[in-house]
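The structure presented is a predicted model; accordingly, all values stated were derived computationally and were not measured.
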Amino acid sequence: MRYDQSRADKLDETMLELLPESAVESLGQWLADPERGQRYANGSGPHTIPYAPSTWMAVAPWPTTFADRAAADSASVSRAEVVAAVRAAEQSESWAEAFVATQVWGYGVTGYGPYRTRQVLAQPGAEAVLTEAVSLLVGKGAVAAYEALNTLDGLGPAFLTKFLYFASLALPEVKGPRPLILDSVLAGVLRRHTMKVGRAVGYEWSEAITKRIWRDSGWSSHRYDVYLRWMYAANDRLVASSINWPAAPDVLELALFSAAWDPE
């Protein structure tokens with residue numbers, strides 16, 4: 001089937017209007033569960049990822065607030081600790097250091113994380129692009145910053161949005177909605193939700209369109225904008241419900257990543 005942007009826009013409009021009651025119920029159960037979401041009732045800050053400091057020995061600059069790579073075989077870092085590290089890096093005007101902090105958290109114990117981070121930072125002008133993206137985040141918003149970072153080879157949306165997400169939390173103010181992480185897991189949730197919505201309203205072409213716009217990677221800045229719009233609208237719906245949902249949309253991102261709701 002030939003791609004039709006007008007149909008994609010129509011499907012987006014329909015999807016953006018809907019967060020089914022089943023989602024509210026499932027997400028409420030996740031939030032109330034002591035073994036799952038209850039620890040994030042006041043925000044996603046406690047969400048912690050393990051990593052191996054020694055594997056990052058060749059990566060520079062190293063975040064000053066992170067574990068000593070020569071002394072620690074294993075460590076962990078929470079979202080709140082990454083925000084603190086990014087704030088410290090921002091004070092020294094080193095967005096490369098801030099970037100490393102976000103990638104350590106993003107890759108965790110994945111073995112190729114240090115190599116890929118080094119490859120991104122080794123590109124000519126990489127730190128200038130990071131600095132420009134932060135400036136755009138403050139002045140123009142998340143979508144413009146996304147476009148700037150998407151020019152770096154080997155970074156990709158899943159990890160550039162991690163940088164934007166943490167950078168925005170470390171800054172006192174940004175333009176428009178603060179960025180959220182978008183990866184293949186989140187895109188998969190939106191893909192299944194959009195397919196179900198398309199079938200419900202009788203769009204016989206919706207499956208082919210959905211598979212393209214919510215593919216596993218390579219999302220356009222427009223798609224990221226749609227993602228943010230849906231996430232913030234869905235979060236508003238959850239806050240307005242009776243499940244005591246926290247106001248921070250990144251808790252919704254964490255919940256969906258944690259399989260708190262399956263649209264199917």
Side-chain angles (χ1 to χ4, degrees), residues 43-110 112-181 248 250:
S44 66
H47 181 214
T48 299
I49 300 295
Y51 71 100
S54 61
T55 64
W56 291 83
M57 289 293 289
V59 179
W62 185 244
T64 57
T65 60
F66 276 23
D68 182 348
R69 291 174 289 181
D73 292 327
S74 63
S76 61
V77 61
S78 69
R79 292 196 186 205
E81 289 168 333
V82 176
V83 173
V86 172
R87 285 191 179 126
E90 189 269 339
Q91 291 298 311
S92 62
E93 299 183 345
S94 176
W95 287 109
E97 181 179 324
F99 175 74
V100 171
T102 68
Q103 302 306 284
V104 170
W105 181 90
Y107 281 110
V109 295
T110 303
Y112 54 75
Y115 171 78
R116 287 193 175 176
T117 302
R118 286 175 59 203
Q119 291 298 103
V120 171
L121 290 176
Q123 295 174 61
E127 183 156 14
V129 174
L130 295 171
T131 302
E132 178 192 11
V134 173
S135 178
L136 288 168
L137 183 58
V138 173
K140 293 187 177 181
V143 174
Y146 181 102
E147 290 177 350
L149 280 182
N150 213 18
T151 62
L152 286 174
D153 292 336
L155 182 53
F159 284 86
L160 75 82
T161 57
K162 289 176 175 65
F163 173 75
L164 290 179
Y165 163 72
F166 284 112
S168 77
L169 293 180
L171 295 167
E173 188 174 350
V174 300
K175 183 76 170 180
R178 292 185 184 271
L180 296 170
I181 297 167
D250 58 348

Closer than 3.5 angstrom, by distance alone: can the side chain of Gln123 be matched with the main-chain N or O of Leu152 as a donor-acceptor pair?
no
Can you tell me how far CG of Leu137 sits from OG of Ser168, rounded to the nearest 0.5 angstrom?
6.0 Å
Any donor-acceptor N/O pair, Thr110 side chain to Gly113 backbone, under 3.5 Å
no
If I compare all heavy atoms of Ala96 with all of Leu130, which pair ends up nearest, and what's the gap?
CA-CD1, 3.9 Å
Does the plane of the ring in Trp62 sit parallel, tilted or perpendicular to the ring in Trp56? Use 30° and 60° as the thresholds.
tilted
Under 3.5 Å donor-acceptor, Glu93 side chain and Glu90 backbone
no
Applying side-chain contact (heavy atoms from CB on, under 4.5 Å), run through Thr48 and Trp105 and close with a yes or a no.
CA-CA 8 Å; Thr48 299; Trp105 181 90; over 6 Å; no
Which atoms form the tightest heavy-atom contact between Ser94 and Glu127, and what is the distance?
CA-OE2, 3.6 Å
With distance as the sole test, does Ser135 use its side chain to make a donor-acceptor pair with the main-chain N or O of Thr131 at under 3.5 Å?
no
Under a 3.5 Å distance rule, please check whether Ser44 uses its side chain to pair with a backbone N or O of His47 as donor and acceptor.
no
Separation between CD of Glu97 and CD of Gln91, rounded to the nearest 0.5 Å:
11.5 Å
Quick one: do Val120 and Phe99 satisfy side-chain contact (heavy atoms from CB on, under 4.5 Å)? Show the steps, please.
CA-CA 10 Å; Val120 171; Phe99 175 74; 3.8 Å; yes
Between Gly106 and Phe159, which heavy-atom pair has the shortest distance, and what is it?
C-CE2, 3.7 Å
Taking every heavy atom of Ala88 against every heavy atom of Thr65, the minimum-distance pair comes out as CB-CG2, 4.3 Å
Can a donor-acceptor pair be found between the side chains of Arg178 and Tyr165 at a distance below 3.5 Å?
no
What closest approach, in Å, do Glu81 and Ser76 show between heavy atoms, and which atom pair accounts for it?
OE1-O, 3.9 Å
Arg118 to Tyr115, cation-pi by 6.0 Å centre distance and 45° axis angle:
no
Taking all non-hydrogen atoms of both residues, which atom of Ala170 and which atom of Val86 are closest, and how far apart?
CB-CG1, 3.5 Å
Evaluate the criterion side-chain contact (heavy atoms from CB on, under 4.5 Å) for residue pair Leu164 and Leu149; output intermediate values, then yes/no.
CA-CA 9 Å; Leu164 290 179; Leu149 280 182; 3.7 Å; yes
Measure the spacing between OG1 of Thr102 and CZ of Arg79 and express it to the nearest 0.5 Å.
12.0 Å
Would you say Pro63 and Val100 make side-chain contact, with heavy atoms under 4.5 Å?
yes
Taking the side chain as every heavy atom from C-beta outward, state whether Leu155 and Asn150 have any pair of such atoms under 4.5 Å apart.
no
How are the rings of Phe66 and Tyr51 set to each other: parallel, tilted or perpendicular (split at 30° and 60°)?
tilted
I'd like to know if the side chain of Arg87 and the backbone of Leu169 have a donor-acceptor N/O pair within less than 3.5 Å.
yes
To the nearest 0.5 Å, tell me how far Phe166 CZ sits from Asp250 CG.
8.5 Å
Rounded to the nearest 0.5 Å, how far apart are CZ of Arg69 and CE of Met57?
6.0 Å
Just do the side-chain contact (heavy atoms from CB on, under 4.5 Å) check on Val134 and Phe163 with the steps written out, would you?
CA-CA 9 Å; Val134 173; Phe163 173 75; 3.9 Å; yes
